[in-house]
Structure formats: structure tokens, C-alpha cells
Amino acid sequence: QLQVVESGGGSVQPGGSLRLSCATSGGTFDKYIMAWFRQGPGNEREYVAVIDRDGGSTFYADSVKGRFTISRDNANNMLWLQMNSLKSADTDVYYCAARTSKTVALTAPLYMYWGQGAQVTVSS
């Protein structure tokens, strides 16, 4: 059973940067498609970025394209989300998620393993 733990959330002013980390254990990390999702109060969990198993392909929601970068280190079982040029609209709880498949997916129900979430607040 894969364990997933996020860290690195916090508060930042608009235009600032944050880096989220996701540490995993208990599974063979390079067998998992990895993703970041986010969710605000009363909203559905929405996809932010996805990376394939070897890190060769990445996918981004239009709202974060050009500002966020997803990356992974299979040797150390780690996933990251670098967030630059943050906006108030990026304020949400961010979740790291894993999927045991060769196929990238963009919807939350298709991911089996989830972290506890990390709060990101962008405010002046």
C-alpha cells in the first residue's frame, strides 16, 4: 500500500512562489502515475498537473500552464510541484495522488492513493 505525504504548503503574496513536496513509501514508485490536485471549500477536486511514470511526459491544467512545474525523482520516491507567479485564485488545499496504471488520467476518482493535503494561501 503506497503511503503519500505532502509538505511545503503555506502563505505567500500574489506573484510569489512555493514548492510542494510529496514523499512516498510502501510501493514501487516508478510503477505509479503521479499527480497534483487541488480543492477549495464546496468545490470538486480538480487536476492541476500529472506526470507519467518515467517523468518524460507532463500535463497541466490550463489555469496553471506556464506557472507550475511538476517533477519526480524515482530514485528517491519523491514528487514536487513548483508554483511560480501565484495568484489568489490558486488558494486551495493541494493533494498528491498516485495511480497504478500506465495511462495518465485527469480525474480524481481514477487515483487510488492520496495524501492528507497541504494548504496553499495566496493573499496580500
Side-chain angles (χ1 to χ4, degrees):
Q1 182 94 2
L2 189 71
Q3 305 298 315
V4 180
V5 179
E6 303 97 339
S7 61
S11 296
V12 66
Q13 292 187 341
S17 298
L18 281 175
R19 190 191 197 203
L20 299 180
S21 299
C22 175
T24 70
S25 61
T28 305
F29 187 61
D30 63 6
K31 301 298 186 188
Y32 296 89
I33 299 289
M34 298 299 298
W36 290 97
F37 286 78
R38 65 187 183 186
Q39 185 173 24
N43 295 332
E44 292 188 355
R45 197 164 292 188
E46 64 174 8
Y47 123 88
V48 174
V50 178
I51 189 166
D52 68 358
R53 298 192 300 180
D54 66 5
S57 295
T58 56
F59 305 84
Y60 297 94
D62 287 344
S63 58
V64 307
K65 202 171 293 183
R67 300 188 297 121
F68 290 11
T69 302
I70 187 172
S71 60
R72 67 189 294 164
D73 179 350
N74 285 350
N76 291 294
N77 303 330
M78 291 291 299
L79 177 77
W80 296 278
L81 183 69
Q82 178 66 43
M83 303 183 291
N84 298 330
S85 302
L86 282 160
K87 307 174 181 179
S88 57
D90 296 317
T91 296
D92 263 330
V93 178
Y94 285 71
Y95 295 90
C96 175
R99 165 176 164 80
T100 52
S101 172
K102 298 179 182 180
T103 306
V104 167
L106 306 183
T107 56
L110 296 179
Y111 285 78
M112 300 80 167
Y113 304 101
W114 292 87
Q116 80 287 355
Q119 176 69 48
V120 171
T121 302
V122 184
S123 174
S124 56

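Only heavy atoms go into these numbers, but all of them, side chains included; no hydrogens, no water, no symmetry mates.
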Strictly distance-based, threshold 3.5 Å: is any side-chain N or O of Arg38 a donor or acceptor partner for the main-chain N or O of Val120?
no
Cluster check Phe37, Val64: I/L/V/M/F/W/Y, side chain < 4.5 angstrom
no
Donor-acceptor under 3.5 Å (Gln39 side chain, Asp92 main chain)
no
Verify, without hydrogens or angle tests, whether Tyr113 (side chain) and Gln1 (backbone) share a donor-acceptor contact under 3.5 angstrom.
no
Consider only side-chain heavy atoms of I, L, V, M, F, W and Y, link residues closer than 4.5 Å, and tell whether Tyr32 and Val50 are in one cluster.
no
Does Ser21 reach the main-chain N or O of Ser7 with its side chain, forming a donor-acceptor pair under 3.5 Å?
no
Are more than 12 heavy atoms from other residues, nucleotides or ligands located less than 6.0 Å from atom CD of Glu44?
no
Hey, does the side chain of Thr24 reach the backbone of Val4 with a donor-acceptor pair shorter than 3.5 angstrom?
no
Please check this pair: side chain of Ser101 against backbone of Thr103, looking for a donor-acceptor N/O pair closer than 3.5 Å.
yes
How many angstroms lie between atom CG of Asp52 and atom CG of Asp30, to the nearest 0.5 angstrom?
11.5 Å
So does Asn74 get a backbone contact from the side chain of Asp54, meaning a donor-acceptor N/O pair under 3.5 Å?
no
Expected output: side-chain Arg72 to main-chain Ile33 donor-acceptor under 3.5 Å:
no
Starting at CD of Glu6, measure out to CG of Leu20 and round the result to the nearest 0.5 Å.
8.0 Å
Could you give all pairs that pass the ring pair (Phe, Tyr, Trp, His ring centres under 6.0 Å) test and reach residues 52-104, with sequence neighbours left out?
none
The complete set of side-chain hydrogen bond (donor to acceptor under 3.5 Å, both in side chains) pairs with one or both residues in residues 11-20, sequence neighbours excluded, reads Ser17-Asn84
Under a 3.5 Å distance rule, please check whether Arg67 uses its side chain to pair with a backbone N or O of Ser85 as donor and acceptor.
yes
Treat each ILVMFWY residue as a node, draw an edge where side-chain heavy atoms are under 4.5 Å apart, and state whether Trp36 and Tyr111 are in one component.
no
Check salt bridge (Lys or Arg N to Asp or Glu O under 4.0 Å) between Asp62 and all other residues, then give those that pass, not counting sequence neighbours.
Lys65
